[in-house]
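Worksheet for the structure shown next.
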Amino acid sequence: AASDVYKRQGSGKSVIYQLASFLNPGVTMVISPIISLINDQIDNLLKNGISNAIGISSKSNIARSNLSEQLKYNNYSLIYLSPERLQTGSFRNIVGNLLLKNTVYCVAVDEAHCISEWGHDFRTSYLNIAKNSRTFFAKNGNCPSIIALTGTASSCLLYTSDAADE
């Protein structure tokens, strides 16, 4: 059953999926809209002594050829990426290798208001997050839990079903 949690911006919503990633087996994929947000999350984790997180973006320091090796040989519990990354064949192949030794336990959509605010116009990949997650992160017939969090939902988002449907 779906449930909604409304918390103001800066109230620690990211702790929900970060804590879950440390308490549960497997990997938490965090879908985030902006590279700087991904980098801020990882920087904050590193400042607190947590080094088992990685951000995957086109501007990542990790070369694409090395990304598969990084995911294969490091025990990341948090992997941050954009929704567009879920739609690329090369990333899907890398996920296939990751799933040989790991399970994606949870997919967290950070800044979930982007589903309604951007999904219909210029970032349609937001509308495919759930489908792509269930398709590419399923293992042995088990699909990951999907949670969506935002602190900046407009009243329009609260009264539409885009986020709940996705």
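All values derive from a computational prediction rather than experimental measurement.
Partners of Asn52 according to the side-chain contact (heavy atoms from CB on, under 4.5 Å) rule, which considers only residues two or more places apart in sequence or in another chain, are Phe22, Ile50, Ser77. Listed by chain and residue number, nothing satisfies the side-chain contact (heavy atoms from CB on, under 4.5 Å) test with Ser145 (two or more places apart in sequence, or in another chain).
Residue Asn132 holds its CG atom at 12.0 Å from CE of Met29, rounded to the nearest 0.5 Å. One finds the CG atom of Leu46 at 10.5 Å from the CG atom of Asn39 (value rounded to the nearest 0.5 Å). Within the model, atoms CG of Leu45 and CG of Asp40 stand 11.0 Å from one another, a figure rounded to the nearest 0.5 Å.
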Check the pair Ile146 / Arg134 against side chain to side chain contact (heavy atoms under 4.5 Å, CB included), numbers first and verdict last.
-> CA-CA 9 Å; Ile146 300 173; Arg134 290 184 186 110; 4.0 Å; yes

Derivation and outcome, side chain to side chain contact (heavy atoms under 4.5 Å, CB included), residues Leu78 and Ile54 = CA-CA 7 Å; Leu78 285 160; Ile54 186 173; over 6 Å; no

Any chance you could lay out the side chain to side chain contact (heavy atoms under 4.5 Å, CB included) test for Phe91 and Leu81, step after step, and finish with the verdict?
-> CA-CA 10 Å; Phe91 183 73; Leu81 59 145; 3.9 Å; yes

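Arg92 contributes a side-chain N or O that, together with a main-chain N or O of Leu86, makes up a donor-acceptor pair within less than 3.5 Å. Side chain of Lys139 to backbone of Asn102: a donor-acceptor contact under 3.5 angstrom is found.
No single ILVMFWY cluster, assembled from side-chain heavy atoms under 4.5 Å apart, contains both Val27 and Tyr105.
Looking at every heavy atom in both residues, Ile38 comes nearest to Gly55 through CG2-CA, 3.8 Å. Shortest non-hydrogen contact noted between Ser82 and Ile31 is C-CG2, 4.2 Å. Contact between Pro144 and Ala138 at its shortest, heavy atoms only, is CD-N, 4.4 Å. Across every non-hydrogen atom of Asn44 and Asn48, the tightest pair is O-ND2, 2.8 Å.
Side-chain contact check for Cys106 versus Ile147: some heavy-atom pair is nearer than 4.5 Å.
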List the atom pairs, with distances to 0.1 Å, where a side-chain N or O of residues 14-21 and a protein N or O form a donor-acceptor pair under 3.5 Å, not counting sequence neighbours.
unit_1: Tyr17; atom_1: OH; unit_2: Asp110; atom_2: OD2; d: 3.2
unit_1: Gln18; atom_1: NE2; unit_2: Gln41; atom_2: OE1; d: 2.8
unit_1: Gln18; atom_1: NE2; unit_2: Tyr80; atom_2: OH; d: 3.3
unit_1: Ser21; atom_1: OG; unit_2: Gln18; atom_2: O; d: 2.6

